[in-house]
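From a predicted model like this one, the values you see are computed outputs, not experimental measurements.
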2 protein chains.
Amino acid sequence: MHVKMVPMAKKTHRIERRTDALSRERIIAAAIEILDTDGEAALTVRALAAHLATGSGAIYWHVADKNELLAAATDAIIARVMSEVAGGAEPREAIRAVALGVFDAIDVHPWVGAQLFREPWRPAMLEIIEGVGGRLQALGVPHAAQFDAASALVHYILGVAGQNAANARVHAPDTDRSAFLASVAAQWAALDPARYPFVRQMATRLRDHDDREQFLAGVDLILAGIGTVR
Amino acid sequence: MHVKMVPMAKKTHRIERRTDALSRERIIAAAIEILDTDGEAALTVRALAAHLATGSGAIYWHVADKNELLAAATDAIIARVMSEVAGGAEPREAIRAVALGVFDAIDVHPWVGAQLFREPWRPAMLEIIEGVGGRLQALGVPHAAQFDAASALVHYILGVAGQNAANARVHAPDTDRSAFLASVAAQWAALDPARYPFVRQMATRLRDHDDREQFLAGVDLILAGIGTVR
DNA sequence: CAATACAATGGAACATCGTTCCATAATCCA
DNA sequence: TGGATTATGGAACGATGTTCCATTGTATTG
């Protein structure tokens, strides 16, 4: 059952619409809220309808389908990130800032990491490519190498993003992360030394590493590689 | 009670089963066949049961759930790739070979690209990490930098893998790829030059680029970066 | 002001999915 | 041989995304 708002003055012309009217923006905002608080799997059309105190059909009047909803939510998050980064810093620092912005956004909204892979021509991906690639020219990267350089950086960012999204999907929303890392590290350490010598050696590093620092180390590594073709 | 059974040798325990008996291996093989020919979305438990001429319940006797089935199928593909690569080539070439092996495998089995992100402690991911990281030591990468270097390479490979998987998901199974690239390139070229100058410039490169070559260029870029910390 | 057209709503209904349950069949073991 | 165990196949369940449609609210028109 639902409680309707009481239209107080019905004699005068009420230009304003009902204050609880649905809109594409309100739907996207509600979707983001559900995704952030309860995870990717919790965003069902029914849950969304309940959260908005409406029915499923009303949602489909404003949004084509769930895919479009997720894509729009992703675009909203990434656009916000890129506008916050902006700035006219030194190009190398700007690239790091863009990458870290995306990383941090996915830390807060893990579902974005999975969405970035779908429909790469959507605004979200364009923003990232532009944010990274736009600074490569200022870095002095030869024109012929800019496409490869931007592609490498963006794909690396995507890889980390997807991995973080996957990790968030596996965990309970607030599982102790260090406990999880320790458990995987223990599995690695218990592997057959003859078959997996490297992975075994990396077990302790996996346990102690900081995701954010390591992500940045990867960006720096790629930037160093880009520097060699200057 | 007398024994009138067939000669029941302890070691020759071979009683023939029905030749069409199900098995975990047959189920995984059938799943891979459906995934490869009809795409990720076509793999439903019902389709799989029909393909094996059995019922859904029988499948669940051999396999825990669909996740495990997909993970096992992924492990099978990646294990095959890594055993084929192997070889004692020069480390730099070996890393390129491993990366290309994964790339080519995902070109044939796009669904693998999406699966690699789930449960990174599974055999498939271990194989890749070991295949890449194991050669870094031989490359002369300092011990302290090996974790970051391997992580960067693997995440880059993952990013490309996920992107290719997404592309394959969007296309009809045999859509003309160059036509698709041309259409996206046209969209890029039509963007606002003030907002997306870099993406616009890259449009023609996007149209003409070769995925495989560009992937390798990224690997080389990262290897070059790794070389700077030697 | 009444009548009407249209945007918007909410919930029932539908097809499909992964999974569970269970009656049965096939096979093994004592 | 007979009971126990393994294996099978299909019905049934709950949940999902989506469509359909009767109904409501609002704006426009005669």
Inset, instruction - Look at all strands and tell whether A:L43 reaches a base, only sugar-phosphate, or nothing, counting heavy atoms closer than 4.0 Å. - result: sugar-phosphate

Legend entry - For A:G131 against A:V98, the heavy-atom pair lying closest together: O-CG2, 3.8 Å

Given [options], the nucleotide with the shortest approach to the side chain of [X]:
X	options	result
A:L22	D:dT8, C:dT9, C:dT20	C:dT9
A:A58	C:dT9, C:dC17, C:dT19	C:dT9
B:R46	C:dT19, C:dC14, C:dT9	C:dT19
A:H62	C:dA8, C:dC17, C:dG11	C:dA8

Inset, instruction - On the 0 to 90° scale, with breaks at 30° and 60°, tag the A:F103-A:F215 ring pair as parallel, tilted or perpendicular. - result: parallel

So, do [X] and [Y] sit near enough that their side-chain heavy atoms are less than 4.5 Å apart?
X	Y	value
A:L181	A:H209	yes
B:R169	B:W111	no
A:L116	A:I78	yes

Inset, instruction - Take B:G55 and A:A64, find for each the nucleotide of DNA chain D with the closest heavy atom, and name the residue whose nucleotide sits nearer the 5' end. - result: B:G55

Rounding to a whole Å, what distance do you find between [X]:[atom1] and [N]:[atom2]?
X	N	atom1	atom2	answer
A:I34	D:dG17	CD1	C1'	15 Å
B:R26	D:dA7	CZ	C1'	13 Å
A:D65	D:dT19	CG	P	8 Å
B:W61	C:dA26	CH2	P	17 Å
B:L48	C:dT19	CG	C1'	14 Å
B:Y60	D:dC13	OH	P	17 Å
B:I27	C:dT19	CD1	P	13 Å

Legend entry - Contact nearer the 5' end of DNA chain C, comparing B:G57 with A:I59: A:I59

